[in-house]
Amino acid sequence: MLVIRGERERPEMIREEVAEVLKRILGVEEIPFNVPPQRKMGDLSSAICLSLAKERKRPPMEIAGEAVEQLKANLPPHIQEVTLTPPGYINFKVNWSRLTRELISEILEQGESAGKSFSGGNEKVFIEHTSVNPNKAMHIGHLRNSVLGDTIARVFRWLGYPTEVCNYIDDTGVQVVDVVTALLYLNPPLFEEGTSDFKSVWQKIPEDHPIDYFCWDLYARFQNEVEKDPSLREKREEILHRIEGGNHPVSDFAKELATRIVQSHLETVARLSVFYDLLNWESDIIRQGFWETTFELLKEKGGLRFETEGPNEGCWVVPFGGIAETSNGVRSLDKILVRSNGSITYTAKDIAYQLWKFGILEKDFLYRTWGKQDHGEVLWTTSMEGKEGHQISRRFGKADRVINVIDVRQTYPQQVVSECLRQMGFEKEAERSIHLAYEVVNLSPQAARILGAEETDEKRSVAMSGRSGTGVKAKDFIEMVKKKVVEKADHPLEQSVANALTSAAIRYYLLKFTLESQIVFDFDEALKTTGDTGVYLEYAHARASSILRKAEERKIDFQWGKGVVPVQLTDTERDLVGAISEFASVVMKTAENLRVSRLTEYAFDLATAFTNFYEHPDPGSKVQTPFIHLRDESLRTFRLSLVRAFQIVMGNTLRLLGMPALEKI
RNA sequence: GCGCCUGUAGCUCAGAUGGAUAGAGCUACGGACUUCUAAUCCGUGGGUCGGGGGUUCGAAUCCCUCCAGGCGCGCCA
């Protein structure tokens, strides 16, 4: 759990006010709170006296009774009534009128920065997400990663933390090697040794076929071919060395290929408003000698061992405790960083990279700009042709906290990385190396069948696999959702609106699940546009905007003043105020525990509260008068101001979720 | 074998720190639009919170155990 410093927000504030008084009265350290099951009981409740009964050897009703008496004599500022219900609950009624006056004033005054805190100080947060192998198209599982990381980054930025987002490009890994090998040697015209002219190879990619899609199929095909053709395996080995070594036409070709595919990945996620500050290339980590420095550091600080015997003979390993029996027989648990042939493992590179993120490593990348992104910010990239860190306008790395967004299957290697940091003596950095682990996206049996997967079990979900080419490609999915959104609309949509709804629907779908919940992707489920969806959120915001627009068109003057707040709010007014008041503390909690689903849940609650208020501002009454038609000027002003306050907070919530806040649909 | 995660309504999922009658959405059925935007709202139906023990005044939540599913434990990345 991260510790987030921040100002106390409304619900927290009220709770703390109450807790303060109660702690004094009862002489306890902590006061637990909960919400009563029925509204008439109150808005806030505590069962503290029930747990106190035993140790104090007194009936809970008696303890609570005395506490209530004292509370009545000394009411916390935002509480208007305290009651007692058996078997010993203390219930509090909030002074909604007062809370509403303060809350709306504050929001209208602060506008779009309402609820924003500037508590982050100088603590820099470094977030790595996406990091898709640049050898094929992205699929929906990758999107979950991107959208999670992007949302977390938005939350930290909002809270005032200097935040840096990077996308790691593994351009020297076997996946890229496979596709390069396939391009060069699978189909004629074959690559001729000694030449640096790759024109004919590039021409294999049809012009009307996106490169990432082409490589998706090619990569899957290559997996089959390489199985039965030993000469391809040899070629692959050769190409691996050339790419790792650099300084060879094939290496340049691989880089070019990866660059083009990265570009298509960036275009894909940009459709969901996902952007980065920096692209970090693995080839640059290798070429800048990050590992050599790390190797020395590891040997110097300890935590690394050269094996002279046993199964890992000839390797440099990090000891992780003995031998274990696994399903594949008896294995050493120690993590190999340098193989007996001298080459280094992925985890070794990861350790070096993690050290760089914290600014521990003396080495640095060279940097240049990649280009401007759709949101107007420049994207940087590491590059051997770039400038040194001190020569550019930005400073990358040197973070105080590092969040790596990687799926749950990589928990073990991530632990190895932070454990290595610990063993090297970087205790604080190990503590602040956070693996944001989330479960994968699988395909429902139906979805798998639609995609043409063979042998689907009707009960079991199917893992997506780049190797076999089964998966829902991100761009396909985006297009499908867009098509559905346009179809479902009762009027023609502007392109920008259709795109915004599409993005909101997809982001919401991928964010609403808890981190440990596997998403079993099903087309019907994922293409929903009613109920608990991103579309619902957009409608609530657009509806509020329309009301305000209409009020303006009719020249309705609604000048906010605290005097317009009714003494007694209706149920739906009160629920909406309650939802609005929770905004800031929800954002804070999201940053603390990195559980973004809490934010989507809140967004839905907030939108629901508004929609209910809009449909039934006077729940008891048979007639519901549109706000702009209200005769009672004071009430009209109040309700329109509440709409405005909602619109501001909903807009902020949407932006935190990376969704455009539509004024009109 | 060891470790981690999951199991809640027909389906998809929420349910910090243990609290009062376990909630949404979808689906089904029945209602509400000469509109401040109905991708909405209202109503009805729907549950042995995987099973069994335990701790507690109180357990979906904590502990033990069993069952079912997923993942991890590579000189892969």
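Keep in mind the model is a prediction, meaning the values are calculated, not measured. Lettering follows sequence order; numbering is per chain, from 1.
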[X] side chain N/O closer than 4.0 Å to the phosphate oxygens (OP1, OP2) of [N]?
X      : N     : answer
A/Y536 : B/C41 : yes
A/R636 : B/C36 : no
A/T514 : B/A14 : yes
A/R339 : B/A77 : yes
A/T411 : B/G3  : no
A/R543 : B/A38 : yes
A/Y614 : B/A38 : yes
A/N442 : B/C71 : no
A/K528 : B/U27 : no

In whole Å, what separates the [atom1] atom of [N] from that of [M]?
N     : M     : atom1 : value
B/C64 : B/G3  : P     : 11 Å
B/A68 : B/C75 : P     : 31 Å
B/G54 : B/C13 : P     : 33 Å
B/G70 : B/A28 : P     : 31 Å
B/A9  : B/U48 : P     : 8 Å

Nearest to the side chain of [X], heavy atoms from C-beta on, is which of [options]?
X      : options             : result
A/N612 : B/C42, B/C36, B/A39 : B/C42
A/H616 : B/C75, B/C42, B/C36 : B/C42
A/F604 : B/C75, B/A24, B/C57 : B/A24
A/N91  : B/U37, B/A20, B/C5  : B/A20
A/P37  : B/G70, B/A20, B/C73 : B/A20
A/Q518 : B/U37, B/G70, B/C41 : B/G70
A/K54  : B/U56, B/C36, B/G15 : B/U56
A/A489 : B/C57, B/C41, B/A39 : B/A39
A/F513 : B/C42, B/C57, B/U12 : B/U12
A/I628 : B/A39, B/C36, B/C41 : B/C36

Polar side-chain contact A/S45-B/A20 base: donor and acceptor under 3.5 Å: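 Yes.
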Ring centroids of A/Y89 and B/A20 base under 5.5 Å with planes under 30°: yes
Identified side chain to side chain donor-acceptor pair (under 3.5 Å) partner of A/S45 from the options A/T83, A/N91, A/T85: A/N91
Over how many whole Å does the gap from [X] atom [atom1] to [N] atom [atom2] extend?
X      : N     : atom1 : atom2 : answer
A/L50  : B/G18 : CG    : C1'   : 12 Å
A/F610 : B/C41 : CZ    : P     : 12 Å
A/I406 : B/G72 : CD1   : P     : 15 Å

Test item: A/L537 and A/L654 side chains (from C-beta on) under 4.5 Å apart, heavy atoms: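 Yes; the side chains approach each other to less than 4.5 Å.
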Less than 4.0 Å between a side-chain N and a carboxylate O, is that true for [Y] and [X]?
X      : Y      : answer
A/D632 : A/R639 : no
A/E282 : A/K349 : yes
A/R305 : A/E307 : yes

Base, sugar-phosphate, or nothing: which does [X] touch, judged by heavy atoms less than 4.0 Å apart?
X      : value
A/E313 : base
A/D490 : sugar-phosphate
A/D605 : nothing
A/P311 : base
A/L548 : nothing

Check whether [X] reaches the backbone of [Y] with its side chain - one donor and one acceptor, N or O, closer than 3.5 Å.
X      : Y      : value
A/D407 : A/R409 : yes
A/S503 : A/N499 : no
A/Y602 : A/E582 : no

